[in-house]
There are 2 protein chains.
Amino acid sequence: MREFSEGQIVKHQGARDNQIYIIKSGWAMVYTYLPGGSRQVIEVCLPGDVIGTQIAGEELAVLTAFSAWVAPAEGLPQAIAGRPSIAEFFVAAAVRRRACMTAQIVRLGQRSAADRTADFLLEVDARLRLVGLTEGDSFTLPLTQNELADLLGLTPIHMSRTLHKLRASGLISLKRQRVEILNRAAAAERIGFDPAYLGDAEDGASTESGSSSRERINQGATSYN
Amino acid sequence: MREFSEGQIVKHQGARDNQIYIIKSGWAMVYTYLPGGSRQVIEVCLPGDVIGTQIAGEELAVLTAFSAWVAPAEGLPQAIAGRPSIAEFFVAAAVRRRACMTAQIVRLGQRSAADRTADFLLEVDARLRLVGLTEGDSFTLPLTQNELADLLGLTPIHMSRTLHKLRASGLISLKRQRVEILNRAAAAERIGFDPAYLGDAEDGASTESGSSSRERINQGATSYN
DNA sequence: CGAGTTCTTGACTACTCTCAAAAGCGGTGG
DNA sequence: CCACCGCTTTTGAGAGTAGTCAAGAACTCG
């Protein structure tokens with residue numbers, strides 16, 4: 001168990017760090033700088049998340065003072081060996097993490113600035129809700145608009161305008177790091193948000209289809225954006 | 001070990017599939033459809049990759065007839081329990097997969113259409129190279145421009161124009177599913193591509209910094225795009 | 001040789017970026 | 001307590017990249 005202070009860079013870009021962090025409290029984020037100097041925030045990490053940054057190109061920084069369990073990744077195989085419940089915990093965390101990365105890819109690839117923003121805020125809301133850290137329909141988001149912009153692939157200028165529009169549309173408001181879901185139903189409906197991907201991954205039967213026409217794969221993509 | 005035919009959908013969106021696939025030969029891709037009908041390709045999978053799609057929202061389809069080892073994910077903990085080499089294999093595969101997803105996020109968030117395309121093609125080239133499946137500086141890419149567009153978050157129309165420009169610039173050519181790296185050095189230099197993130201993750205010492213100023217985190221993002 | 005898919009081209013629209021500057025907020029020190 | 005400084009956020013105007021609509025050419029396959 002270790003403590004980290006706000007703004008601390010836990011792992012620098014280019015460094016190696018084979019440790020696993022289980023966040024107990026506080027926020028962090030993972031990002032990379034491109035040679036040109038621009039930054040892409042890969043993911044935002046909050047309490048309950050299990051993160052590990054084996055990847056040299058990623059940098060891990062603390063957003064708000066936080067504490068985490070830290071353990072070397074090498075010990076993981078042995079740790080989960082005979083203990084199904086521990087194995088399940090890590091598997092669930094890994095699946096959830098991947099689901100969030102997938103969501104991020106979809107956001108960046110398919111959505112407009114406003115939809116990206118709303119989608120992300122709804123995701124954070126849902127994730128916080130899972131660990132009981134929301135206050136009604138609002139929560140504190142410890143990200144500047146600059147950081148949000150780097151997360152959503154926008155310029156800070158456009159981020160500001162987008163937040164303005166979101167607020168004006170009466171869906172979600174973000175002011176001074178305070179997010180308020182003004183109209184959850186409408187917001188979720190607008191972007192097709194369904195928090196199911198975040199958790200409680202109960203098993204299901206393995207499914208498989210026999211459809212073997214290539215057209216099926218492509219037909220859906222007729223309406224862009 | 002199982003065989004899948006071209007165009008087959010291994011797992012449908014919404015279905016559950018707790019299996020792990022180790023691709024022996026052939027290509028596949030993972031994608032999701034949005035409510036509006038647009039599709040985002042999450043990742044492209046090729047020989048040597050270990051894939052598992054526990055996530056209901058993702059669909060897994062075969063691009064070229066392929067064969068794979070298939071095993072239930074539940075058995076994984078036991079399988080890697082006492083066998084370090086097996087555990088390492090899966091860990092390396094998982095790290096590489098995450099690195100590819102990170103690369104995809106960076107592409108979509110920070111790069112122009114041309115750079116995205118070049119970056120992706122260089123990544124595929126490097127990944128194929130790792131498993132010895134390139135022929136000199138060219139390889140076959142079993143993706144239509146439509147699929148490429150859905151992968152890179154572009155419209156097929158713009159994809160076509162972009163490929164045209166890439167070809168004209170003398171960096172990379174893609175014609176009839178054949179990719180040729182015309183000028184690898186220039187292409188890699190242009191987008192800052194470094195294949196190091198893909199593999200051979202040799203361990204290193206854990207690193208950590210004491211820098212605790214928040215400014216450091218934000219200063220880099222002054223030049224957009 | 002069609003039929004269907006895939007790819008290309010053209011003209012126009014619009015979303016997002018860029019450049020520039022000012023206003024708001026927060027902390028420090030005189 | 002107020003002035004000042006830095007960072008963050010906002011506003012305005014113009015440019016550019018990518019999307020949309022429409023149609024035609026090229027390729028694949030039976």
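These figures come from a predicted structure and were not determined experimentally. Below, read A as the first sequence line, B as the second, and so on, with proteins coming before strands; counting in each chain starts at 1.
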Does the side chain of [X] get closer than 4.0 angstrom to OP1 or OP2 of [N] through an N or O atom?
X	N	result
A:Gln145	D:dT10	yes
A:Ser160	D:dT9	no
B:Thr155	D:dA18	no

Strictly by modelled atom types, are B:Gln13 and B:Tyr31 linked by a side-chain donor-acceptor pair under 3.5 Å?
->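 No, because no side-chain N or O of B:Gln13 sits under 3.5 Å from a partner of the opposite role on B:Tyr31.
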Can you measure [X] atom [atom1] to [N] atom [atom2] for me and round it to whole angstrom units?
X	N	atom1	atom2	value
A:His158	C:dC15	NE2	C1'	6 Å
B:Gln177	C:dT6	CD	C1'	10 Å
A:Leu174	D:dT8	CG	P	14 Å
A:Leu152	C:dC17	CG	P	11 Å
B:Glu6	D:dT28	CD	C1'	12 Å
B:Lys165	D:dG16	NZ	P	13 Å
B:Arg116	C:dT16	CZ	P	12 Å
B:Leu154	D:dT20	CG	P	11 Å

Choose from D:dT11, D:dT20, D:dA18 the nucleotide whose nearest atom is closest to any side-chain atom of B:Ile157.
->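 So the side chain of B:Ile157 is nearest to D:dT20.
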Between D:dT11, C:dT8, C:dC7, which nucleotide has the shortest distance from any of its atoms to the side chain of B:Thr144?
->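 When the side chain of B:Thr144 is considered, C:dC7 is the closest of D:dT11, C:dT8, C:dC7.
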Is any side-chain N of the basic residue among B:Glu58 and B:Lys11 closer than 4.0 Å to the acidic one's carboxylate O?
->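 Here B:Glu58 does not pair with B:Lys11 in a salt bridge, since their nearest N and O are not under 4.0 Å apart.
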Electrostatic pair B:Arg98-A:Glu43, nearest N-O below 4.0 angstrom =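 A:Glu43 and B:Arg98: salt-bridged.
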At what distance, to the nearest 0.5 angstrom, does CD1 of B:Ile55 lie from OH of A:Tyr197?
->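 The OH atom of A:Tyr197 is 10.5 Å from CD1 of B:Ile55, to the nearest 0.5 Å.
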For A:Arg176, report the nucleic acid contact type (base, sugar-phosphate, nothing); a contact means any heavy atom under 4.0 Å.
->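 Sugar-phosphate contact only.
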A:Glu180 vs A:Asp137, side chain to side chain contact (heavy atoms under 4.5 Å, CB included): CA-CA, chis, key distance, verdict = CA-CA 6 Å; A:Glu180 270 191 84; A:Asp137 279 328; over 6 Å; no
